[in-house]
There are 2 protein chains.
Amino acid sequence: MQDRKIRIHDVAALAGVSVGSVSRVLNRAANVSAEVREQVERAVAALRYQPSHAARALRSRSSKTIGCLFSDVTNPLYARAFRALEESFRADGYMLLLANGLNDLERERESLRTFALRGMDGVVCAPGNERDPELIGLIDAMSMPVVLYDREMPTARTDAVLFDHVSGVRSACTQLFALGHRRIALALWDADSRPVRRRTEGYRAAYRAAGMEPPALILRQPTATSSVFDDLLRLLNAPDPPSALIAQGTHTLVSALRALAHAGLRVPQDFSVISIGDSDFAQTHVPAISVLRTNAGHVAAQVRCMLLERLNGARAAPPRKVLMPYELEMRASCGPPAR
Amino acid sequence: MQDRKIRIHDVAALAGVSVGSVSRVLNRAANVSAEVREQVERAVAALRYQPSHAARALRSRSSKTIGCLFSDVTNPLYARAFRALEESFRADGYMLLLANGLNDLERERESLRTFALRGMDGVVCAPGNERDPELIGLIDAMSMPVVLYDREMPTARTDAVLFDHVSGVRSACTQLFALGHRRIALALWDADSRPVRRRTEGYRAAYRAAGMEPPALILRQPTATSSVFDDLLRLLNAPDPPSALIAQGTHTLVSALRALAHAGLRVPQDFSVISIGDSDFAQTHVPAISVLRTNAGHVAAQVRCMLLERLNGARAAPPRKVLMPYELEMRASCGPPAR
DNA sequence: ATGAAAGCGCTAACAG
DNA sequence: CTGTTAGCGCTTTCAT
């Protein structure tokens, strides 16, 4: 059985001090004599005292909990983000409530409402839809600080960490240009989301910066789990086929590799591949697949920093948007084009 | 801004009733006249009243929160489990606090302590180590109901949902026997965990039941992400090679497929493959890989049921262990052996 | 620096 | 069936 009946009062009694002093020792640790502190700590240890979280939350108006609203933890991107966030908030005594939005507006609204209701100290969220007015209104109305995770919402006056998709894709293209590639295919999901829009932007920017017209080699999948097999094969059999591919997501990557094998193309001798987003698969594939990836730890540290700053006073400061860089890790899947 | 100042008192005033009545309307909804209820509901709506979760938790001793301790959400198995649990508890107003144990004993202990401290109404956990005495002690000492997720802990007197690894692997073997296979390799991680032990057991049982001696075709990887490439290749080049493989985890599966391709074996014409655990990869691979899988939704429903039953009185009932069946979904990766 | 006392907002026990 | 009241366990003034 848990020692569920030991209250701060008992500790005070055993230590021979007042409950106020015990509370002071437990919390800010200022204005307490060394003597009292020691007595209290001894009593706490002896009784195995554990302060009641609920009482604390009620009185201090802080639940020491961060609400996370992601579309789906089953997506490794968010699973890693969650793990990193948990890690970065752990030392501060925060725990994370996780809710899956599943791209369902009503669900996302409900989760946000629940977060408000439960008095989350902060919220990090990545809604499926960046433009729903009700969702924006809800976020703007949140009384606790919110950080948007790679989302930009029209009028939401909140902080955001944004992945630098433009530079990421641009540098991948530039890298491939340097190897001699001129026709690079880009496979994305067809969602009208910031990441997809920005990646397209980076792709075009790279071509323009290199003095070329962006080619019509962008493949758009309807969902994250649809195959690019047929589409890529068509491109490969058309005149003037691509010699390289930048593919978003493991799923796309796998089906693309299958299409390449089917077409009799070897990686990297005949065709180069870069994946957006790292995975065990990309790492252990033979040849290992080059990837464009963000550092979940860095991103989480940034989120933590923004949230804690707001919590420590800067509630009304203007919203900040921080751009997180992509790293391009070149592995064996890239080489000069065949010829 | 959130309407953070509206208290139950305000609602009572507006509705012209007492706070007690408001509370009754909000909660059990018994012993309230239709008239009062309507007044209260009107007032709640008008004021957009949201009861304070902290106050509720403090007074009613229920946080409406379930703690989940999994080794790593980054593992799709647990990500899916979490999502299913969230779904099954949502309707009851529970939210889930998720902690990653990362197979680190100290971390797991700390998470469990935090769960206790924060007054979780229930806990579902899958510790990395099933035998650590301190962890067992901690779990036994939890004051709220705990459900072990595919773990068996020596003396922990808690409920558990257990996957039926024995029957699962046995049926996979039997299925392969029926196709004509006699030499089936089994690739597992080398963890001394219940799942691994049970799978081995099922494998042996299948052979014995078929009147054969279990062959020395079990491969053990040190970690979940190590490759089986070399080991499988060695087996394939040895005398009397296997004609089928049952592989645990996507990682193992991928490296195994690579080894098969390397050895010039086609799936399923020359070699059959069954994966333990489903994945996008298994589904979209060509040929699609047969899988042994559990239904996360059913499992979650079972967990919910066990937890709620305890919460509704049966606190002291003897611990129950429920075996969850594996489903064998045969896909294109299996066929009769070559010859 | 410390103690006493006043709540935080709600539920539950008890009157009526 | 409804109102009143006493806390849940803690933090935080306010005196001292």
Side-chain angles (χ1 to χ4, degrees), chain A residues 2-41 43-44 47-65 93 116-119 121 143-144 311, chain B residues 2-41 43-44 47-65 93 116-121 143-144:
Chain A
Q2 196 65 13
D3 315 302
R4 273 298 100 216
K5 0 191 62 170
I6 291 160
R7 304 182 324 265
I8 197 171
H9 185 88
D10 305 313
V11 177
L14 181 62
V17 299
S18 73
V19 295
S21 295
V22 176
S23 177
R24 274 180 285 256
V25 171
L26 260 38
N27 296 306
R28 95 181 89 326
N31 298 16
V32 194
S33 70
E35 195 179 354
V36 168
R37 155 165 304 121
E38 199 184 335
Q39 292 297 326
V40 170
E41 279 166 353
V44 165
L47 297 173
R48 294 236 191 72
Y49 168 68
Q50 307 262 217
S52 148
H53 182 75
R56 238 176 200 194
L58 175 58
R59 186 61 236 229
S60 66
R61 307 176 159 292
S62 158
S63 61
K64 279 293 188 179
T65 310
L117 199 99
R118 290 183 172 228
D121 288 347
S143 60
M144 70 288 294
L311 253 16
Chain B
Q2 196 64 16
D3 315 299
R4 269 300 101 217
K5 0 191 59 168
I6 292 159
R7 306 184 319 272
I8 196 170
H9 185 86
D10 306 314
V11 177
L14 181 63
V17 300
S18 71
V19 295
S21 294
V22 176
S23 177
R24 271 179 289 254
V25 171
L26 261 37
N27 297 306
R28 98 182 87 328
N31 299 15
V32 193
S33 70
E35 195 179 353
V36 168
R37 157 166 303 120
E38 198 183 334
Q39 292 297 325
V40 170
E41 279 166 353
V44 164
L47 298 173
R48 294 238 192 72
Y49 168 69
Q50 307 262 222
S52 147
H53 182 75
R56 245 179 194 192
L58 175 58
R59 184 63 235 229
S60 67
R61 308 175 159 292
S62 158
S63 61
K64 279 294 191 180
T65 311
L117 199 101
R118 291 185 172 226
M120 298 292 98
D121 288 347
S143 60
M144 69 287 295

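So you know, we letter chains A, B, ... as the sequences are listed, proteins then strands, and number each from 1.
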Just the rounded figure in Å: distance from [atom2] of [N] to [atom1] of [X].
X	N	atom1	atom2	result
B:Q50	C:dC10	CD	C1'	15 Å
A:L58	C:dC10	CG	P	9 Å
B:I8	D:dT5	CD1	P	16 Å
B:Q39	D:dG3	CD	P	11 Å
A:H53	D:dT11	NE2	P	11 Å
A:R56	D:dT12	CZ	C1'	14 Å
A:I6	D:dG9	CD1	P	12 Å
A:N27	D:dT13	CG	C1'	15 Å

Tell me whether the OP1 or OP2 atom of [N] has a side-chain N or O from [X] closer than 4.0 Å.
X	N	answer
A:R61	C:dG9	yes
A:S23	D:dT11	yes
A:R59	D:dT12	no

Any chance you could measure [X], atom [atom1], to [Y], atom [atom2], to the nearest 0.5 Å?
X	Y	atom1	atom2	result
B:R56	B:N27	CZ	CG	5.0 Å
B:H53	A:S63	NE2	OG	8.5 Å
B:S52	A:L58	OG	CG	5.5 Å
A:R48	A:Q50	CZ	CD	9.5 Å
B:H9	B:I6	NE2	CD1	13.0 Å
A:E41	A:L26	CD	CG	9.0 Å

Task: Test item: B:V36 and B:R24 side chains (from C-beta on) under 4.5 Å apart, heavy atoms - done: no

Please tabulate, one pair per line, each protein N/O and nucleotide N/O from nucleotides 1-3 of chain C that are separated by under 3.5 Å, including the distance.
residue, atom, partner, partner atom, Å
C:dT2, OP1, A:S33, OG, 2.5
C:dT2, OP2, A:S33, N, 2.6
C:dT2, OP2, A:S33, OG, 3.2
C:dG3, OP2, A:S18, N, 2.9
C:dG3, OP2, A:S18, OG, 3.0
C:dG3, OP2, A:S21, OG, 2.7
C:dG3, N7, A:R24, NH2, 2.9
C:dG3, O6, A:R24, NH1, 3.3

